[in-house]
**Q** 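What follows is a single structure, and I will ask about it in a moment.
Counting convention: from 1, in listed order, for ligands and their atoms alike.
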Amino acid sequence: MEASQPVIHHHPSKLPCPGPELNAPLQEWDKTAFSPPPQILPFVAIICGSGLGGLADLLENSVAFPYKDIPRFPQSTVPGHAGNLVFGELQGKACVCMQGRFHYYEGYSIAMVTYPVRVSTLLGVETLIVTNAAGGLNPKFNVGDIMLIRDHINMPGLFPCMSDAYDADLGRLAREVAEEQGCSSFLQQGVYCNVGGPAFETVAESKILLSLLADAVGMSTVPEVIVARHHGLRVFGLSLITNLLDSEELERNDEGRKGEYCSCVEGMMGRIHCKQNDLLV
Ligand SMILES: O=P(O)(O)O[C@@H]1C[C@H](O)[C@@H](CO)O1
Ligand SMILES: Nc1nc2[nH]cnc2c(=O)[nH]1
């Protein structure tokens, strides 16, 4: 296993914040009230989607902080989102896992939904891996497929520019990792559409989203990606397709290929390096 050489690397925002309400919670962040383990300086943050918190269990030398013990952190209310910030090493690389994310439909503002991403930039994170459970719209998709997020649709809009939100090098790396792990036959790529939820789509809504060229739909991820890009982080995202929306009967399988999904993220971690020590190998 390769030794991790995390280096703290701060990314000052190049653009003004989209609005004072988005910045306010961070200004009140009290660094002195929360001390991450000094031996683990994460340069990758991983947000675990619904039912994908098992990723955090793969971390070695891990230290978990319940969200309730972290000042100003929101609390997880959705089943399958344990509510821990877990520091540790995956494939020898220092990372921090959000075992549980926040959704707009839980009643949180977008500022609070994205608060952990802003906090992760203070911790030195330079790459964000977002994961989620999503409904498949593309008729070629199957339940259990893993979709590499190539782009997203976010109708309300926010700046900065999102024309290159998802890092192309990390996407290429993911396809290589999937090939090595025998996952290529069910690795798709596509456009993730963010909706408010919490209801799944009607048949009519699914048809509209498909006509907009969305391949999968879910209730998260996009606000986190926008804030991460605003802070200059590289972003990589995977959706686990837990159900298909092309029929009137909802077929749902939340277990899908969770194991393979976690292995892909783990494989990616093995290949991501600090920007400072060469971008990708
Ligand atoms: O956190 P993610 O986007 O994985 O959560 C999705 C959206 C809903 O919370 C839930 C629906 O099953 O999964
Ligand atoms: N909006 C939405 N979110 C999901 N999360 C998992 N499946 C779905 C779905 O079909 N629709």
**Q** Would you mind listing which atoms of ligand 1 come within a distance below 4.0 Å of any non-hydrogen atom of Arg101?
**A**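 Counting atoms of ligand 1 from 1, those under 4.0 Å from Arg101 are 1 (O), 2 (P), 3 (O), 4 (O).
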**Q** Per the ring pair (Phe, Tyr, Trp, His ring centres under 6.0 Å) rule, what does the pair list look like for residues 122-155, sequence neighbours excluded?
**A**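 Matches after skipping sequence neighbours: His152-Tyr166.
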**Q** Going by heavy-atom distance to atom 11 (N) of ligand 2, choose the closest among Glu201, Glu205, His103.
**A**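 Comparing heavy atoms across Glu201, Glu205, His103, the nearest one to atom 11 (N) of ligand 2 lies in Glu201.
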**Q** According to salt bridge (charged side-chain N to carboxylate O under 4.0 Å, His left out), who are the partners of Glu180, at least two apart in sequence or on a separate chain?
**A**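 Scan of Glu180 (salt bridge (charged side-chain N to carboxylate O under 4.0 Å, His left out), adjacent residues dropped) gives Arg271.
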**Q** Would you check if the side chain of Thr114 reaches a backbone N or O of Glu224 as a donor-acceptor pair within less than 3.5 Å?
**A**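 Between the backbone of Glu224 and the side chain of Thr114 there is no qualifying donor-acceptor contact (under 3.5 Å).
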**Q** Below 4.5 Å, heavy atoms only, C-beta onward: do Glu106 and Val113 meet side chain to side chain?
**A**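 When only atoms from C-beta onward are counted, Val113 and Glu106 do not touch, as no gap falls below 4.5 Å.
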**Q** Taking Glu60 for its side chain and Glu89 for its backbone only, find out whether a donor-acceptor pair lies under 3.5 Å.
**A**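 Checking the backbone N and O of Glu89 against the side chain of Glu60, no donor-acceptor pair under 3.5 Å is found.
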**Q** Which of the numbered atoms in ligand 1 are under 4.0 angstrom from any heavy atom belonging to Met219?
**A**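 Those qualifying, in numeric order: 7 (C), 8 (C).
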**Q** Does Glu126 reach the main-chain N or O of Gly124 with its side chain, forming a donor-acceptor pair under 3.5 Å?
**A**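 No, Glu126 side chain to Gly124 backbone: no donor-acceptor pair under 3.5 Å.
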**Q** What atoms of ligand 1 come within less than 4.0 Å of a heavy atom belonging to Asn132?
**A**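 Ligand 1 atoms under the 4.0 Å threshold to Asn132: 3 (O), 4 (O).
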**Q** Between Leu245 and ligand 2, which part of the residue brings a heavy atom under 4.0 Å of the ligand: side chain, backbone, both or neither?
**A**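 Answer for Leu245: side chain.
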**Q** Where on Ala134 is there a heavy atom closer than 4.0 Å to ligand 2, on the side chain, on the backbone, on both, or on neither?
**A**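 Backbone only.
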**Q** If the cut-off is 4.0 Å to any non-hydrogen atom of Ser220, which atoms of ligand 1 fall inside it?
**A**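 Counting atoms of ligand 1 from 1, those under 4.0 Å from Ser220 are 1 (O), 2 (P), 3 (O).
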**Q** Can you list the atoms of ligand 2 that are under 4.0 Å from a heavy atom of Val217?
**A**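 Close to Val217: 1 (N), 2 (C), 3 (N), 4 (C), 8 (C), 9 (C), 11 (N).
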